Each structure stands twice: as C-alpha cells, then as structure tokens.
Amino acid sequence: MASNKIIIYQVFTRLYGNRNITRKENGTLTENGCGKLNDFTPSALKKIREMGVSHIWYTGVIRHATQTDYSSFDIPRQHPAVVKGKAGSPYAITDYYDIDPDLAVDVDKRMREFEQLVERTHKAGMKVIIDFVPNHVARQYHSICKPEGVRDLGEDDDPQQGFSPQNNFYYCPGQRFTPYFDLYHGEKEPYDEEPAKATGNDCFHNAPGVNDWYETVKLNYGLDYYAGRVGHFKPIPDTWDKMTEILLFWASKGIDGFRCDMAEMVPADFWRWATDKVKFRYPDIVFIGEVYNPGEYRNYIGAGFDYLYDKVGMYDTVREVICGQRPVQAITSAWQQTDDIRQHMLYFLENHDEQRIASDFFAGSGQKGVPGLVVSALLQQNPLMIYAGQEYGERAMDKEGFSGLDGRTTIFDYWSIDTLVRAAGRKLTKEERALKDVYDKVMNIAATEKAVAEGASFDLMYVNGQYQRQYAFLRKAAGEVLLVVANFDALPTTMDVTIPAHAFDFLKLKEKKSVSMTDLISGRELKRQLYRDCYISVDLEPHGVIVLKFKS
C-alpha cells in the first residue's frame, strides 16, 4: 500500500472502543463506560489500516480536566464548576506530561499503555498523531508528571502584572474570577481564583460567559493584548521554552505528528522557533495546524506547518454543494484559492468540531456525502482526513449531556458511538455496509493509485459548465489516467464529459479510437473514444461516483 498520500483516521479515543450502550444523559464513567487505549488491538488496527489509512490521530490522550475523581491515584481532583461535561473537554489540559487516566486499564501504568499503543500502531503500518493544545490550559492546570527540573506553568509568574513577557498566563490584578454561572456546581466550597486569569478564547476580563471557553486560561507567548497585541519576543518568553520542551517530550515517545489546536491563536514567531527545534531532532515529524484565516495560511506554513485545515475554503464549499446551496463550480474556485500551497491543505468532511454528514443538521444521509468524499480524496495529492464513524454514516443525533442535540459527536461526555458499536457486533444495516464499502474503495484508491498520490490534476468544469450538480476531473501519473465524476444530485443522470484539447496537451494524453476503461468503484469495464474536444458519456446513480482508470 505504498503511497505518498496521507490519509488520517481521527478517533476520539475515549469513545472509539466503548461498547456500553447505556447512553444515559450526563452519565458518569461508571454508568456509560469509556473506551481504552488497549481497545486498539492488533486486529482493530489491521482493519483500520485496510481502509487505506496511513496515520491515526488519537484525539484526547493527554490528561485533561474531568469530573471523575482520580484522587486515589494521586491525581488532583478538578472543581466541577470549571469542567465542561462529566468527562470534560480534551482541550482543557491539566498536565501536558500525563496520559488521561480514563483511557487506561491500569491507571498507574497509563503512560506505558500509551507507549504500547504507539508500538502497536507502528507495527500495523501506520503513524501516530496526537493533539498539542498550545493556546490554553485547564483553569486548575497542575503537572504531577513533569520531568525533574521542569518548572510548572505559572509557577514563577507575577500575578500582579496583567501582562509580563515572562509570565505564562495573563491576569486581572485585584479581581476575583466571577463568571456568569454557579461556582459551586454541587460542591461545598465554590471554585476560587484570585486574581482571575484571562480565558482561553481571548477573554481578558474576570467574568467570562457560558459561551466563552470559561474552563480554560490563555497562555502568554509574549503578546501584550492589553497594549494592542504588541510582541515582546526578545528575550525568548518563558512559555516558548516550556511548550517546546513539551513537544520534544512527546516526540521522544515515538509519535509521528502533532495536530495543533487553534494554532493561529499562538503567534507564528513561536511556531517558527519551536518547529525548527523539534524538526532538528525529529526531522520526520509533521505539524498539522488548525488555522481558519486564509490570510494567515502562508504565514503559518512558513512557520513550519506541514499541513493546515482547509476549512473555510474546501470544507465549507463542498458542504454547501452537498446541501444544494451552491453549484459544483464553487469547488473549482475553492481549490484555486490555495493552488500555490495545495500540497499543504488538509481536506476533510468531518471532525470532532463539525456536524456529521448524516446528521439532520447537514445532509441527513451518509450516501449524500459520497460525491464530496470522492472530490476531497481524489482531486489533489494533499492529505485527507476521515472521522471514525463517518464511513458508516454515523448520525450523532444524540443528546448526550453537556453536548446537546447538535449533530456532533460529543467531546464532553461519556458516551458510545452507535455505528461503531454495531459495526463491532456485525449489526450494521445494508445501507451502512454499502457506504463502508464505498469508503474502503475510495480511500484505497487514494492510498494506492499513483495518479492520485503523485499525479497531476486537471479540473474539467470550465468546459462542462452546463452541469451544476456533477463534477469531473482528471488525474494522471506516468501512463495511468483516472477520470473522476461525482454526482451531487439526488437523481440519476448521464453526463457527457467534454475532454478539452488543453487537457490532452497538459497531461500528454493520446487520442485513440477505443480505450478500455475500468470503473474502480463498481468494477465495470467499458470502452470509449478519446479525442480532443470530444466527450465521454457516463451514467451516474443518485449521489453516485465513477472513477474510470485507463492507459494513455
């Protein structure tokens, strides 16, 4: 399965292996259960690998705030007033040097269980990505696992300074933390913080609201927000050193990459400094950045990021095309916006932040997302990301607790994912099995076909503009060509795909009276003429796709 195409399978680690179907709203760990690192057995990893996956992103493995009490293991208890949900958000880190105890079979050996997971994943032929959460930490951050000689975040801060370049946090001197919600949350004593620290979503006052990231505090990278984001980077801020050491710590565990949460909320100057140091010692490690401002893309790529989320471009566009809100020509405009950096853009249709394709809030059906999958997977050489359950049409129409009924799989609650549970028990519906089969084929085409991993791409829509719901493009490497056609419409259709003379010149195609073509999705064989400015006629099922492979 050799390929240069990166295909990431994101798993929300505590949900993935959980087979408990109690699913009580706001249920505890005991009631609703929790998946473990050890659920990723060699056989489970083999099945993931067989989907064409090259990298697994184990989401939420670093210890974070939770309402579950692990004090018997000498793990500090968190005040529930500043924890979102019973399980807590994996983006409210309480110890950058620790593994989340929820994920361990033997809590005292949780780091060893993680190291063994890394070993198993590598043995299965895949690479490991974990989260790095650089912008904010849990309000009660306290490391109990930091290496000897490492100073804790905030340990040397002067909290009487709202901003100091060498402080790790921002403060509101003389002001107590007084948010607009109950600070008791069922406890005898209220949560107490004085002076208040600034909140993670750049809320620089002592009273964040319920829609703020109130459970987190903002880390200080030397930007003085109180003075209009003036940078103080000489001498190097203390936070830069501490966070780079954390990156090096996890890199030493043998992981292969970091997905960097809200990377654009941390100055590019830090990333340039940190990625250089990490890649000097671990040259193959990759950095994936959650950056939503297209105006900053090239800045963060220049600062050392290998890949960036293509959210406001390709994701938003493909979603709107799937939902019938825009014509397919919008996809052409979307990829052209980042054409100069296309190898750095990560395409996806689902992740833990976004609504599931099959939810009532998106398309209402996993099958309707297949044309978007094919475009995202096969249009360019750049990486593709799939979210566990997407391949079965997971609907996420659950009201789990802190996470309401919103079409997203919860990141705050103890829960289990319906389709993953039924897949493990071989109880999928006929439609779910058919969808999984399509995902397997498309992802393996992306993983194994040289035309996708290494080849040139040619968008055919500028000469096929009469089609508003069908999208077609060519891929070619060496003598192998793929003609990819995706039908975003709910009706069957025949598309006469014009192949312009420019495509023949650009891809060095040869004109032929008769070309044998194989549809890599259905396995059907067909013969077509191949001439400049003539068309190839293809029949498409509702939301159907065709990937015709031929020699030229």
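Computed from a predicted model, the values in this text were never measured in an experiment.
Inter-residue side-chain proximity for L103 and Y58 is flagged as unmet; no heavy-atom pair is nearer than 4.5 Å. The closest side-chain heavy-atom distance from I322 to L349 is below 4.5 Å. Between L482 and L520 there is a side-chain heavy-atom pair separated by less than 4.5 Å. The shortest side-chain heavy-atom distance between K551 and E480 falls under the 4.5 Å cut-off. Side-chain contact between P134 and L219 is absent, with no heavy-atom pair separated by less than 4.5 Å. By the 4.5 Å heavy-atom criterion applied to side chains, V545 and F488 are not counted as neighbours. Taking the side chain as every heavy atom from C-beta outward, I62 and D131 never approach each other to under 4.5 Å. Two residues are said to be in side-chain contact when any heavy atoms from C-beta on lie closer than 4.5 Å; R475 and V481 fail this criterion.
A search for salt bridge (Lys or Arg N to Asp or Glu O under 4.0 Å) contacts involving K368 returns nothing, not counting sequence neighbours. D339 is linked by a salt bridge (Lys or Arg N to Asp or Glu O under 4.0 Å) to R342, counting only residues two or more places apart in sequence or in another chain. With sequence neighbours left out, D261 forms a salt bridge (Lys or Arg N to Asp or Glu O under 4.0 Å) with R259. Shown here are the side-chain contact (heavy atoms from CB on, under 4.5 Å) partners of E525, two or more places apart in sequence or in another chain: T518. By the ring-ring contact (aromatic ring centres under 6.0 Å, His included) test, Y531 is found to be paired with no residue, residues two or more places apart in sequence or in another chain being considered. For N464, the side-chain contact (heavy atoms from CB on, under 4.5 Å) partners two or more places apart in sequence, or in a different chain, are L460, M461, Q466, Y467, M495, V497, T498. A search for ring-ring contact (aromatic ring centres under 6.0 Å, His included) contacts involving H502 returns F458, not counting sequence neighbours. Under the ring-ring contact (aromatic ring centres under 6.0 Å, His included) criterion, F114 pairs with W250, not counting sequence neighbours. Under the ring-ring contact (aromatic ring centres under 6.0 Å, His included) criterion, H543 pairs with no residue, sequence neighbours left out. E119 pairs by the salt bridge (Lys or Arg N to Asp or Glu O under 4.0 Å) definition with R112, not counting sequence neighbours.
Surrounding NZ of K450 are at most 12 heavy atoms belonging to other residues, nucleotides or ligands under 6.0 Å away. By the neighbour-count criterion of 12 heavy atoms within 6.0 Å, atom NZ of K123 is sparsely surrounded, having that number or fewer from other residues, nucleotides or ligands. No more than 12 heavy atoms of other residues, nucleotides or ligands lie within 6.0 Å of OH in Y535, so this atom counts as exposed by the packing criterion.
Side-chain atoms of Y282 and S252 include no donor-acceptor pair closer than 3.5 Å. For H136 and N201, the side-chain atoms include no donor-acceptor pair closer than 3.5 Å. Defined by atom type and a distance below 3.5 Å, a donor-acceptor pair is missing between the side-chain atoms of N293 and E264. When only modelled atom types and interatomic distance are considered, Q325 and R319 share no side-chain donor-acceptor pair under 3.5 Å. Defined by atom type and a distance below 3.5 Å, a donor-acceptor pair is missing between the side-chain atoms of S552 and K510. For the 3.5 Å distance criterion, the side chains of S403 and D413 fail to qualify, holding no donor opposite an acceptor.
What you find for S537 and D496 is that their closest heavy atoms are OG-OD1, 3.0 Å.
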Discussion item. Let's go through V442 and I521 carefully: what are the C-alpha distance in whole Å and the side-chain angles of both, what is the deciding distance for side-chain contact (heavy atoms from CB on, under 4.5 Å) to 0.1 Å, and is it a yes or a no?
Written reply: CA-CA 7 Å; V442 172; I521 303 296; 3.9 Å; yes

Practice prompt. Begin with the C-alpha distance, continue with both residues' side-chain angles, and end with the deciding distance and a verdict on salt bridge (charged side-chain N to carboxylate O under 4.0 Å, His left out) for K311 and D316.
Written response: CA-CA 6 Å; K311 198 277 180 190; D316 285 351; 2.9 Å; yes

Worksheet item: Does the salt bridge (charged side-chain N to carboxylate O under 4.0 Å, His left out) test come out yes or no for D276 and R272, once each step is laid out?
Response: CA-CA 6 Å; D276 183 64; R272 193 171 288 108; over 6 Å; no

Practice prompt. Determine, step by step, whether D100 and V61 satisfy the side-chain contact (heavy atoms from CB on, under 4.5 Å) criterion, reporting the C-alpha distance in whole Å, the side-chain angles of both residues, the deciding distance to 0.1 Å, and the verdict.
Written response: CA-CA 6 Å; D100 197 78; V61 297; over 6 Å; no

Worksheet item: Yes or no on salt bridge (charged side-chain N to carboxylate O under 4.0 Å, His left out) for R422 and D418, after CA distance, side-chain angles and deciding distance?
Response: CA-CA 6 Å; R422 289 189 290 105; D418 173 54; 3.0 Å; yes

Discussion item. Applying side-chain contact (heavy atoms from CB on, under 4.5 Å) to M265 and K218, what does each step give before you reach the verdict?
Written reply: CA-CA 10 Å; M265 295 183 77; K218 173 87 172 176; 4.0 Å; yes

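Salt bridge present: D306 and K279 bring a charged side-chain N and a carboxylate O closer than 4.0 Å.
Here OH of Y16 is found 9.5 Å from CD1 of I417. Values are rounded to the nearest 0.5 Å. The line from CD1 of I386 to CD1 of I48 is 12.5 Å long, rounded to the nearest 0.5 Å. Here the CD1 atom belonging to I99 is positioned 9.0 Å from the CG atom belonging to L117, to the nearest 0.5 angstrom. The CD1 atom of I411 sits 8.5 Å away from atom NZ of K84, with the distance rounded to the nearest 0.5 Å.
None of K476, K5, K549 except one satisfies the salt bridge (charged side-chain N to carboxylate O under 4.0 Å, His left out) rule with E449; the exception is K549. When the options K127, H55, H122 are evaluated for a side-chain hydrogen bond (donor to acceptor under 3.5 Å, both in side chains) with D256, the one that passes is H122.
Sorted by first and then second residue, the pairs that involve residues 331-354 and meet ring pair (Phe, Tyr, Trp, His ring centres under 6.0 Å), not counting sequence neighbours, are W57-H352, Y91-H352, Y309-F348, Y315-F348. Evaluation of the side chain to side chain donor-acceptor pair (under 3.5 Å) test over residues 385-399, restricted to residues two or more places apart or in two chains, returns Y9-E391, E25-K399, D360-R395, Q390-Y439, E394-T419, D398-W415.
For the pair R356 and F362, the cation-pi criterion (under 6.0 Å, within 45° of the ring axis) is not fulfilled.
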